[in-house]
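Both counts, for ligands and for their atoms, begin at 1 and track the order of listing.
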Amino acid sequence: MNLENIDKEYVLHSYGRNYTSFVKGEGAKLYSSDGKEFIDFGSGIGVCSVGHGNKELADAICEQASNLLHTSNLWLIEPQAKLAQKIVELSGYDMRLFFANSGAEANEGALKIARKYGQVNFGSKKYKVITLEHSFHGRTITTVKATGQESMHTPNFSPYPDGFMHVKSIDEIYKNIDEETVAVLIELVQGEGGVQPFAKEEIQELAKFLKAKGLLLIVDEVQTGVYRSGEFLASNYYEIEPDIVTLAKGLGGGLPIGAVMTSLKDIFEPGDHGSTFGGNFLSTRGALTVLDILKPEYDKGEIAKRIESFNGYLDKLASSLPKYFESSVGLGLMRGLRCVSSEVQSQIITKAFEHGLIVLKAGRNTVRFLPPLTISQEEIDEGFKRLEMALMEVNI
Ligand SMILES: *Cc1c(COP(=O)(O)O)cnc(C)c1O
């Protein structure tokens with residue numbers, strides 16, 4: 001059996017897979033088993049923040065792997081403690097962290113924190129969490145229910161946990177808070193929903209309102225976090241102080257790691273939460289190295305330069321091709337081209353791939369760009385050259 005057939009025979013069919021197999025990566029470049037070169041404007045899905053085949057990350061992982069991979073959370077774990085300290089310092093928030101293995105798990109931790117806060121701080125039980133339409137918060141039964149897309153709440157997996165309410169807009173949040181509401185969970189830039197940033201004033205007003213009421217603001221930064229927005233956290237860009245922030249995708253540069261951080265520093269007691277793998281030597285040592293790579297890039301203005309370059313290209317495409325694009329959307333290196341239709345969106349993604357460029361889908365009609373945060377100018381230029389060639393072949 002060839003590899004494709006082995007996959008089809010033995011792996012559950014939960015993904016609509018393209019059967020291209022990549023065998024090598026270098027920076028923002030990927031090479032497939034048939035020898036073709038691709039520019040990767042997707043980074044997995046916003047994961048490979050320091051690019052593919054990063055030597056510094058690989059060396060740190062190898063060194064760690066040849067010593068200790070795992071001891072369990074029964075013992076002190078040096079890189080875990082140091083990573084928590086570093087994330088808190090970079091965020092500028094007075095918080096503590098819990099490490100998990102994925103975005104959904106980080107959000108599960110956030111929801112447990114919110115529920116405990118609601119249980120112990122009020123006379124009556126508060127447990128409901130408000131989330132927004134088009135949001136995405138994960139694939140566990142609870143986070144799929146938190147996700148504000150009705151299509152994902154199929155009866156196949158019901159019953160879902162109680163305690164979530166979905167509203168259409170930030171304005172609708174105010175009207176729907178009742179005596180059982182404990183928190184609002186939002187992405188500042190909706191990723192899967194279409195790379196849609198909220199207005200700064202709108203978010204600041206919401207944060208202020210919730211703080212005054214003693215209700216929690218949970219910001220899902222699984223996609224926006226770790227410099228993707230141009231700042232360490234999108235919450236920093238929005239100049240708010242959330243009560244809870246979750247991270248995952250870009251944090252480990254490809255290693256599975258998630259984190260929930262909160263200003264409720266004493267919310268958990270031993271036994272309240274846990275994870276076998278979360279925060280182990282390998283993932284936390286890797287994430288520390290990712291931050292050691294990205295922090296100087298940010299400080300030297302290199303990430304800002306890449307953002308400016310992407311902005312230039314995307315704004316120009318959006319304004320010069322109104323027959324394909326409605327607008328250029330997004331924040332930082334989390335960008336999108338909003339297409340006039342889903343047909344245009346899917347043709348662009350397919351044609352781009354044929355020309356050796358990986359771009360992603362988001363929402364119903366957005367082409368999404370999540371390049372490695374370390375992408376070189378040459379790789380950016382080459383990627384957009386390929387995109388322009390692909391666009392010439394779109395026929396709608
Ligand atoms: C990807 C994503 C998740 C889920 O992360 P997993 O690691 O796949 O569990 C949650 N929230 C947001 C905003 C995401 O982009």
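Atom 9 (O) of ligand 1 has as its closest protein heavy atom A104 N, 2.8 Å. Scanning the protein for heavy atoms near atom 6 (P) of ligand 1, the closest one is G103 N, 3.5 Å. Here the protein heavy atom with the shortest distance to atom 15 (O) of ligand 1 is K249 NZ, 2.5 Å. For atom 11 (N) of ligand 1, the nearest protein heavy atom (residue, atom name, distance) is D220 OD2, 2.8 Å.
Using a cutoff of 4.0 Å between basic side-chain nitrogens and carboxylate oxygens, K55 and D59 are scored as salt-bridged. In summary, K305 and E302 engage in a salt bridge, as defined by a charged side-chain N under 4.0 Å from a carboxylate O. Electrostatic pairing of R368 and E192 counts as a salt bridge here, judged by a charged N lying under 4.0 Å from a carboxylate O.
Proximity of the aromatic rings of F41 and F384 is defined here by a centroid distance below 6.0 angstrom, and this criterion is met.
Contact atoms of ligand 1 toward N107: 10 (C), 11 (N) (distance under 4.0 Å to a heavy atom of the residue). Each of the atoms 7 (O), 9 (O) of ligand 1 lies under 4.0 Å from some heavy atom of S102. Annotation for ligand 1: atoms under 4.0 Å from non-hydrogen atoms of Q223 are 15 (O). Contact atoms of ligand 1 toward E187: 13 (C) (distance under 4.0 Å to a heavy atom of the residue).
Considering both main-chain and side-chain atoms, V222 never comes within under 3.5 Å of ligand 1 through any nitrogen or oxygen pair.
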Atom pairs and distances, donor-acceptor, side-chain atoms in residues 239-254, under 3.5 Å, two or more places apart:
unit_1: E239; atom_1: OE1; unit_2: K200; atom_2: NZ; d: 3.3
unit_1: D243; atom_1: OD2; unit_2: L217; atom_2: N; d: 2.8
unit_1: T246; atom_1: OG1; unit_2: N107; atom_2: OD1; d: 2.8

> Hey, mind stepping through I348 and L391 against side chain to side chain contact (heavy atoms under 4.5 Å, CB included) and telling me if it holds?
Replying inline: CA-CA 6 Å; I348 291 174; L391 286 171; 3.7 Å; yes
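Between T276 and N101 there is no side-chain heavy-atom pair separated by less than 4.5 Å.
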